[in-house]
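To start, the structure under review is shown below, and the notes come after it.
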Number of protein chains: 2
Amino acid sequence: MTKNKVNISFRIWFYTGNEKFLGKGRVELLERIDKTGSISSAAKGMKMSYRQAWQMVNEMNERASEIVVEKSLGGKGGGGATITKAGEKAIQQFHEFEKKVAQFIADESKNLNF
Amino acid sequence: MTKNKVNISFRIWFYTGNEKFLGKGRVELLERIDKTGSISSAAKGMKMSYRQAWQMVNEMNERASEIVVEKSLGGKGGGGATITKAGEKAIQQFHEFEKKVAQFIADESKNLNF
DNA sequence: TATCGCTATTCATTTAAAAACATAATGAAA
DNA sequence: TTTCATTATGTTTTTAAATGAATAGCGATA
């Protein structure tokens with residue numbers, strides 16, 4: 001009867017009310033928007049269609065009390081998108097929370113076997 | 001600037017090595033097998049095809065060091081399936097772990113706003 | 001030895017989510 | 001006033017996952 005070590009994986013999501021607001025994927029999207037300055041190039045960088053990326057951004061903006069992405073239309077480069085202070089805070093809080101949970105799970109799972 | 005309360009949802013998965021072994025859905029499947037005595041009626045009770053249920057059971061048995069479901073073929077009622085001691089333990093440990101994580105997250109998320 | 005309901009397995013079909021495609025609309029700047 | 005890359009939005013196509021259907025095998029028991 002060999003015992004196997006059990007590893008635990010997890011995911012967390014932030015909700016506002018009962019609507020999904022932020023998860024790992026959306027955080028990555030926000031970070032890429034921050035880095036590239038546009039939804040379209042952020043989407044290109046992940047395996048994601050522009051349409052979906054745009055929709056995600058829109059949902060997040062609708063569901064947060066302050067928008068997380070400021071979008072601009074037309075102009076020099078056609079427009080673009082930037083992360084707001086509220087967006088930066090959301091990203092940071094998500095990472096922090098995820099880290100805490102990871103630490104907790106790592107501690108608690110040390111002696112879990114089958 | 002109204003702040004919204006943020007709720008956090010999560011899911012955890014048990015892995016043996018780097019293969020998924022157990023998650024919320026599979027735990028429910030095991031519990032239904034336990035209650036009904038067969039994979040087929042357990043599957044019927046959830047929104048799940050017998051095929052998938054059978055495959056899940058098979059995967060779990062392959063990936064655990066001891067099988068979690070004992071299957072019997074033919075005989076009086078055509079056969080059936082029962083949960084082993086190892087299976088019961090797995091279910092119990094999953095629930096316990098999930099509960100601990102839920103408590104941790106509830107505590108940590110008390111003052112999270114946007 | 002016939003029956004019965006289950007396990008076991010293959011193959012076709014359905015479905016839902018995402019991608020891909022197409023096309024306006026925008027507005028600063030040259 | 002033309003250009004440009006982007007946002008914005010509707011429509012079609014692809015893809016992946018699950019379901020559904022069909023069939024064989026099993027074996028205790030009546």
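Residue numbering restarts at 1 for every chain, and letters A, B, ... go by the order of the sequence lines. Quick note: numbers below take in every heavy atom, side chains included, and nothing from hydrogens, waters or symmetry partners.
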Expressed as a whole number of angstroms, how long is the span from A/N58:CG to D/dT6:C1'? 15 Å
Given the options B/K99, B/Q92, B/K100, B/E96 meets side-chain hydrogen bond (donor to acceptor under 3.5 Å, both in side chains) only with B/Q92
Whether A/K71 contacts D/dT6 is assessed here as follows: a side-chain N or O lying under 4.0 Å from the phosphate OP1 or OP2. Is that the case? no
Name the pairs: protein N/O against N/O of nucleotides 23-28 of chain C, kept only if under 3.5 Å.
{"unit_1": "C/dT26", "atom_1": "O2", "unit_2": "A/G74", "atom_2": "N", "d": "3.2"}
{"unit_1": "C/dG27", "atom_1": "O4'", "unit_2": "A/G75", "atom_2": "N", "d": "3.2"}
{"unit_1": "C/dG27", "atom_1": "N2", "unit_2": "A/G75", "atom_2": "O", "d": "2.7"}
{"unit_1": "C/dG27", "atom_1": "N3", "unit_2": "A/G75", "atom_2": "N", "d": "2.8"}
{"unit_1": "C/dA28", "atom_1": "O4'", "unit_2": "A/K76", "atom_2": "N", "d": "3.4"}

Are more than 12 heavy atoms, taken from residues, nucleotides or ligands other than B/N18, located less than 6.0 Å from that residue's CG atom? no
Across the strands shown, which category fits A/S41 at heavy-atom distances under 4.0 angstrom: base, sugar-phosphate, nothing? nothing
From CD of B/E70 across to P of C/dC6 the rounded distance in Å is 18 Å
Is there any side chain to side chain donor-acceptor pair (under 3.5 Å) pair reaching into residues 20-35 of chain A, and which pairs are they, with sequence neighbours excluded? A/R26-A/E59, A/E28-A/R32, A/E31-A/H95
Does D/dA8 have OP1 or OP2 under 4.0 Å away from a side-chain N or O of A/W54? yes
Using only atom types and a distance under 3.5 Å, with no angle test, would you say the side chain of B/T16 pairs donor to acceptor with the backbone of B/R63? yes
Whether each nucleotide of nucleotides 12-18 of chain C has a protein heavy atom under 4.0 Å at its base (B), only at its sugar-phosphate (S) or at neither (-) is summarised, 5' to 3', as ------S
Rounding to 0.5 Å, atoms OG (A/S49) and CD (A/Q55) come to a distance of 7.5 Å
B/N61 side chain to B/K71 side chain, donor-acceptor N/O pair below 3.5 angstrom: no
Please report, rounded to the nearest Å, how far the C1' atom of D/dT7 is from the CD1 atom of A/I67. 14 Å
What is the distance from CD of B/Q55 to P of D/dG20, rounded to the nearest Å? 14 Å
With a 3.5 Å distance limit and no angle check, can you tell me whether B/S109 reaches the backbone of B/L112 through a side-chain donor-acceptor pair? no
Any donor-acceptor pair under 3.5 Å linking the side chain of A/S38 with the backbone of A/G80? no
Ignoring hydrogens and angles, tell me if any N or O in the side chain of A/N7 forms a donor-acceptor pair with the backbone of B/Y15 under 3.5 Å. no
Spacing of B/Y50 atom OH relative to D/dA24 atom P, expressed in whole Å: 16 Å
